[in-house]
Amino acid sequence: MELANWTEVSAFFLKGFSGYPALEHLLFPLCSAMYLVTLLGNVAIVAVSVLDAHLHTPMYFFLGNLSILDICFTSSFVPLMLVHLLSVQKTISFIGCAIQMCLGLSTGSTECVLLAVMAYDRYLAICQPLRYPVLMSHRLCLLLAGAAWVLCLLKSVAETVIAMRLPFCGHHVVSHFSCEILAVLKLACSDTSVNEGFLLVGAILLLPLPLAFICLSYTLILATVLRVPSAAGRRKAFSTCSAHLAVVLLFYGTVIFIYMKPKSKEARVSDEVFTVLYAVVTPMLNPIIYSLRNKEVKEAARKVWGRTWTSW
């Protein structure tokens, strides 16, 4: 029976907003514009971090990784979602669904870890300024970023394989705009307790623990900054952390709101719209926050643009 179900599943239907055509036509230009801004903003952050020698520091190395993550995350589902918003045929192949699921899990998990690593970097820069160049070496930066990418990818591959090996039966309609793992698990016609337990362990490791580490880092940073005698020194220290702290609050605030709020028995379209906007808006705001709150990024962008314009 399981083998038959396995071989029969060749595609899934992504329900999304198929029952609300007017909403689809409204979301298409909105999401298209935000996706374009996300790509341009994050590509600009990566380009500036690479091309300007003054930004070859651990802070901007991790910021570049965050921008690449945001590009990968949005590109894993937004292009197909935009096609589906204007199409009657809203299907995705079995393999395509697995790839989309894995990319979504991997990039989201990596961002949780990377935000914690960035908080640790700010802690060392402010609380251990004299030893900072030695403690946060280029080799350690590569190790931390590489470990975040690789370990989260392996975890996501394992979660995806376990989920997609389940026997699926019935209509194969995913009540979501993408192959979100919890939505796909609802289609399984066998026990999913192992999958849910695996996801719960992963969620505990990647949500409360990094958030607790970030809170601890900023508590120590705050204690150190308050001991700085000059007001100018305190402002400078706070300015180096404000952008990262804003991104942390935005990311974790929306995640907690979406996944920790009481679930209704029936899916509401308002929840789906909020989820779409969160998934598109958060990656769009990250480069805006860092560019607006950081003089070094704005100055580097002007220099890079000036050199590019002169060469043309």
Side-chain angles (χ1 to χ4, degrees), residues 27-52 55-56 58-85 92 96-118 121 141-142 144-157 160 177-180 206 243-244 246-248 250-252 254-255 275-294 297-298 300-301 304-305 308:
L27 286 174
F28 179 80
L30 184 62
C31 292
S32 297
M34 290 191 292
Y35 180 55
L36 182 60
V37 173
T38 298
L39 292 180
L40 293 176
N42 284 290
V43 167
I45 290 288
V46 174
V48 168
S49 300
V50 171
L51 295 176
D52 193 284
L55 300 186
H56 291 176
M59 175 180 172
Y60 295 105
F61 171 76
F62 294 127
L63 177 58
N65 275 265
L66 183 65
S67 294
I68 294 172
L69 264 178
D70 287 336
I71 293 172
C72 294
F73 173 68
T74 52
S75 298
S76 69
F77 73 93
V78 171
L80 183 61
M81 184 187 72
L82 293 176
V83 172
H84 285 175
L85 286 175
I92 183 172
C97 183
I99 293 173
Q100 188 181 71
M101 181 187 296
C102 185
L103 287 176
L105 289 170
S106 177
T107 51
S109 302
T110 306
E111 183 154 352
C112 292
V113 178
L114 192 60
L115 289 175
V117 171
M118 294 172 76
D121 171 67
C141 290
L142 292 175
L144 291 173
W149 281 90
V150 172
L151 293 178
C152 290
L153 177 60
L154 293 176
K155 179 195 78 73
S156 302
V157 168
T160 302
F177 56 87
S178 68
C179 282
E180 199 264 342
L206 292 171
H244 175 254
V247 170
V248 168
L250 179 65
F251 178 79
Y252 278 99
T254 50
V255 167
T275 304
V276 169
L277 294 179
Y278 145 72
V280 181
V281 169
T282 305
M284 179 188 72
L285 290 180
N286 287 351
I288 296 175
I289 291 171
Y290 272 101
S291 60
L292 290 178
R293 300 289 300 172
N294 196 306
V297 172
K298 289 188 284 188
V304 171
W305 176 255
T308 305

Leu85 and Leu82, any side-chain heavy atoms less than 4.5 Å apart: yes
Going by heavy atoms in the side chains, are Tyr252 and Cys112 under 4.5 Å from each other? yes
Go through the steps to decide whether Trp149 and Ser106 satisfy the test side chain to side chain contact (heavy atoms under 4.5 Å, CB included), and finish with yes or no. CA-CA 8 Å; Trp149 281 90; Ser106 177; 5.7 Å; no
Asn286 side chain reached by Leu250 side chain, heavy atoms, under 4.5 Å: yes
Looking at Leu115 and His244, what are the two nearest heavy atoms and their distance? O-NE2, 3.0 Å
Taking all non-hydrogen atoms of both residues into account, name the closest pair between Cys102 and Leu153 and its distance. SG-CD1, 4.3 Å
Is there a side-chain contact between Val247 and Met118 in this structure, where contact means two heavy atoms from C-beta onward sitting under 4.5 Å apart? no
Measure the CE-CG distance between Met81 and Leu27 for me, rounded to the nearest 0.5 Å. 7.0 Å
If I compare all heavy atoms of Phe61 with all of Ala145, which pair ends up nearest, and what's the gap? CE2-CB, 3.8 Å
Partners meeting side chain to side chain donor-acceptor pair (under 3.5 Å) with Ser67 (sequence neighbours left out): Asn42
From OG (Ser75) to CG (Leu39), nearest 0.5 Å: 5.0 Å
Evaluate side chain to side chain contact (heavy atoms under 4.5 Å, CB included) for Val150 paired with Leu154, printing each intermediate quantity in order. CA-CA 6 Å; Val150 172; Leu154 293 176; 4.1 Å; yes
How long is the gap from CG on Leu144 to CZ on Phe62, to the nearest 0.5 Å? 5.0 Å
Check Val78 against Tyr35 and note the closest heavy-atom contact, atom names and distance. CG1-CG, 3.6 Å
CD1 on Ile71 to OG on Ser76, rounded to 0.5 Å: 12.5 Å
Return the minimal non-hydrogen interatomic distance between Ser49 and His56, and the atom names on each side. O-CD2, 3.1 Å
Mind checking the CD1-CE spacing from Ile92 to Met101? Nearest 0.5 Å is all I need. 9.5 Å
Does the Thr282 side chain pair with the main chain of Ala279, one donor and one acceptor, at a distance under 3.5 Å? no
How long is the straight-line distance from OH of Tyr60 back to CG of Asn65, given to the nearest 0.5 Å? 15.0 Å
Side chain to side chain contact (heavy atoms under 4.5 Å, CB included) between Ile45 and Leu66, intermediate numbers included: CA-CA 10 Å; Ile45 290 288; Leu66 183 65; over 6 Å; no
4.5 Å side-chain heavy-atom contact, Glu111 and Asp70: yes
Where do Thr160 and Ala98 come nearest, in terms of heavy atoms and distance? CG2-O, 3.4 Å
Residue from Leu103, Thr110, Thr107 passing side chain to side chain contact (heavy atoms under 4.5 Å, CB included) with Cys72: Thr107
Among residues at least two apart in sequence or on other chains, which ones pass disulfide (SG to SG under 2.5 Å) with Cys152? none
